[in-house]
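Here the structure is laid out as structure tokens; the discussion comes afterwards.
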Amino acid sequence: RPKTMVRTDIIEHEPGEVKAIVNLGKSGGDYSERYNYALGEAVEPGSTFKLMSYMAALEDGFIQLTDSFYNKPDGVLYYGKKVHDDNRKETLGWLSVEKAFAVSSNVSVTQIIDKYYKSKDREKEKKFINRLYSMNLNNKLNLDLSGEGEPNIKYPDNKTWSGLTLTQMAYGYEVLLAPIHTLTFYNAVANNGKMVKPRFVRELQRHGAREAQKDVEVIKSSIASAATIRKVKQMMEAVVTYGTAKRIKTDLYKIAGKTGTAQIANEKYGYTKDKQHYATFVGYFPADRPKYSCIVTVYAPTVNGTGGGVVAAPVFREISDKIFAADPDMSDALKPEKRGMMADIPFSKSGSYSDLLYVLDELKIPVKEGIAKTDWVSATGGEKELRMEKRTINKKLVPNVVDMGLKDALFLLEECGLQVSVRGRGRIVSQSLTPGSEVVKNRAIVLQLTVDNSIDN
């Protein structure tokens with residue numbers, strides 16, 4: 001096994017399309033992709049499984065978000081095993097269900113599951129497991145890629161079931177899930193309860209012609225009631241607002257998710273020696289109108305601690321920031337219904353008509369219609385739309401390139417036979433040769449550009 005491993009899955013939540021999978025394993029000093037851990041390695045998920053435990057208790061009507069449970073300073077003892085919280089300063093005393101989830105209290109979730117699902121005849125234990133099964137947690141996803149790991153959520157009649165099993169399962173031990181399984185479940189929450197199969201292929205083509213269409217495949221129309229889904233969404237937002245992932249909170253958009261830190265069992269000594277961990281963050285964004293779900297897992301981290309909130313969550317935030325910045329549809333400021341909040345249409349340089357139309361169309365910025373087809377235009381912004389006027393270029397006369405970008409100006413001036421030198425950067429604010437004067441071949445022209453970074457290319 002590599003000493004350090006980072007794996008990431010990204011799904012577009014509604015169609016379930018897998019946008020990216022990265023598996024980086026470090027052996028020696030090099031990172032490489034040698035195995036698809038994201039699909040193939042079923043592991044104990046740790047605290048990310050608390051979502052499933054809370055959903056079961058909510059769905060069975062045992063708890064509400066405002067219910068409180070008391071956390072003792074020394075934890076809780078189950079059959080000789082002490083369960084405690086690592087971040088005890090935040091988890092001592094009375095905690096509401098929402099806060100217990102947000103700060104990832106092991107003591108709270110085990111108390112809940114033990115109180116409502118423990119019974120001597122194991123009938124209540126069966127009810128808990130049946131609830132998990134009803135959310136499709138025990139089945140493979142039958143993915144289009146080979147090597148999918150086998151989920152394992154054992155039943156109370158299993159020979160390995162013990163008095164500890166129920167409370168251990170409550171916070172993600174004695175269960176096995178591959179990261180793709182955990183992500184699919186969280187994506188179902190983002191999708192208002194509808195679980196869709198991760199889709200790797202949209203269609204099959206032969207010589208450019210479509211042969212088969214791979215439609216969205218719904219695994220389960222609803223993993224829980226609408227009321228439960230609303231509650232757990234609120235809990236997942238609390239994780240980022242004030243809980244274990246508060247360091248990745250941003251004012252630009254909302255993130256919902258759950259941190260996880262699972263100790264890895266040593267083959268020889270179990271959990272007692274050579275302690276290593278999986279650090280995980282799984283969630284979706286933007287939380288108020290989800291578009292992407294993502295899971296990040298780091299195996300045996302050696303820097304900045306071992307917790308999912310300090311190791312995996314920042315990686316999630318870096319990924320979500322880049323996606324948010326690259327996708328105009330995710331930005332409220334660029335949506336047509338929000339544009340009234342903007343003081344003016346964004347600044348645009350004058351230049352190539354076709355290039356400007358392409359950019360403006362991508363950004364969904366309105367343009368004043370009725371402009372005749374032309375190669376070059378002057379552009380000016382208004383309150384509701386961008387205005388463009390036709391610009392005629394005569395190669396025998398020095399063109400006016402003020403307000404243009406450097407690329408377009410160089411093309412025009414050099415096509416006229418002028419030698420161009422440039423000062424500054426940004427858009428052009430002045431030129432040394434008078435616009436409209438006669439062109440003298442190989443004559444020098446100096447362009448002065450603004451150095452204001454706010455309007456750089």
Side-chain angles (χ1 to χ4, degrees), residues 250-253 318 321-335 338-457:
T250 171
D251 294 332
L252 294 175
Y253 58 94
E318 186 172 348
D321 276 354
K322 289 185 178 181
I323 293 175
F324 181 83
D327 188 343
D329 290 335
M330 295 177 68
S331 173
D332 282 345
L334 293 177
K335 284 184 169 292
K338 300 287 186 179
R339 195 166 289 128
M341 299 169 60
M342 299 171 62
D344 291 295
I345 291 294
F347 173 85
S348 175
K349 300 183 180 77
S350 301
S352 167
Y353 180 56
S354 59
D355 287 352
L356 274 173
L357 280 185
Y358 175 80
V359 173
L360 296 171
D361 181 64
E362 286 292 308
L363 296 178
K364 298 180 175 60
I365 294 175
V367 179
K368 185 176 181 180
E369 298 180 359
I371 302 171
K373 184 177 176 66
T374 183
D375 292 330
W376 303 96
V377 293
S378 299
T380 55
E383 292 185 359
K384 296 183 179 180
E385 62 190 4
L386 188 75
R387 296 188 296 271
M388 291 193 291
E389 298 178 359
K390 183 177 180 179
R391 173 176 284 187
T392 302
I393 304 297
N394 185 337
K395 294 182 182 180
K396 295 182 179 180
L397 302 177
V398 176
N400 183 357
V401 295
V402 172
D403 285 336
M404 278 191 175
L406 183 58
K407 182 186 73 171
D408 288 338
L410 285 174
F411 178 85
L412 284 177
L413 296 172
E414 290 179 352
E415 193 176 45
C416 292
L418 298 171
Q419 298 295 318
V420 185
S421 59
V422 179
R423 297 173 183 170
R425 63 181 184 272
R427 67 183 175 91
I428 299 165
V429 294
S430 66
Q431 60 187 75
S432 61
L433 297 181
T434 304
S437 61
E438 187 176 349
V439 169
V440 178
K441 295 293 183 180
N442 297 318
R443 188 176 180 184
I445 181 171
V446 179
L447 304 180
Q448 180 64 52
L449 279 63
T450 179
V451 292
D452 184 350
N453 289 325
S454 67
I455 51 175
D456 279 357
N457 276 322

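Just so you know, these numbers use all the heavy atoms, side chains as well, and skip hydrogens, waters and symmetry mates. None of the values given here were measured: they were computed from a predicted structure.
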Exercise for the section: Applying side-chain contact (heavy atoms from CB on, under 4.5 Å), name anything that partners V440, two or more places apart in sequence or on another chain. Expected result: R443

Exercise for the section: With side chain to side chain contact (heavy atoms under 4.5 Å, CB included) as the test, would you mind laying out the steps for Q419 and I445 before giving the verdict? Expected result: CA-CA 6 Å; Q419 298 295 318; I445 181 171; over 6 Å; no

Problem - salt bridge (charged side-chain N to carboxylate O under 4.0 Å, His left out) involving K441 - partner list, sequence neighbours excluded - result: none

Exercise for the section: Only counting residues at least two apart or in another chain, list the ones meeting side-chain contact (heavy atoms from CB on, under 4.5 Å) with S437. Expected result: V398, T434

Problem - Interatomic spacing from CD1 in I428 to CG in L447 - rounded to 0.5 Å - result: 4.5 Å

Exercise for the section: Could you tell me whether a side-chain N or O of Q431 sits under 3.5 Å from a main-chain N or O of V401, the two making a donor and an acceptor? Expected result: yes

Practice task
Flag the pair L412 / M404 as yes when at least one side-chain heavy-atom distance between them is below 4.5 Å, and no otherwise.
Solution key: yes

Exercise for the section: Check side-chain hydrogen bond (donor to acceptor under 3.5 Å, both in side chains) between D251 and all other residues, then give those that pass, not counting sequence neighbours. Expected result: none

Exercise for the section: Calculate, to the nearest 0.5 Å, the distance between atoms CG and OG1 belonging to D321 and T250 respectively. Expected result: 6.0 Å

Practice task
Could you pull out all residues at least two apart from E318 that satisfy side-chain hydrogen bond (donor to acceptor under 3.5 Å, both in side chains)?
Solution key: none

Exercise for the section: Apply side-chain contact (heavy atoms from CB on, under 4.5 Å) to N394 and list each qualifying residue two or more places apart in sequence or on a separate chain. Expected result: K396, L397

Handout entry: Qualifying residues under side-chain contact (heavy atoms from CB on, under 4.5 Å), relative to E414, sequence neighbours excluded
Key = L410, V420

Practice task
State whether the number of non-hydrogen atoms from other residues, nucleotides or ligands found under 6.0 Å of F411 atom CZ is greater than 12.
Solution key: no

Exercise for the section: Quick one: closest heavy-atom pair of N400 and P435, and the distance? Expected result: CB-CB, 3.7 Å

Problem - Side chain to side chain, P399 and C416, heavy atoms closer than 4.5 Å - result: yes

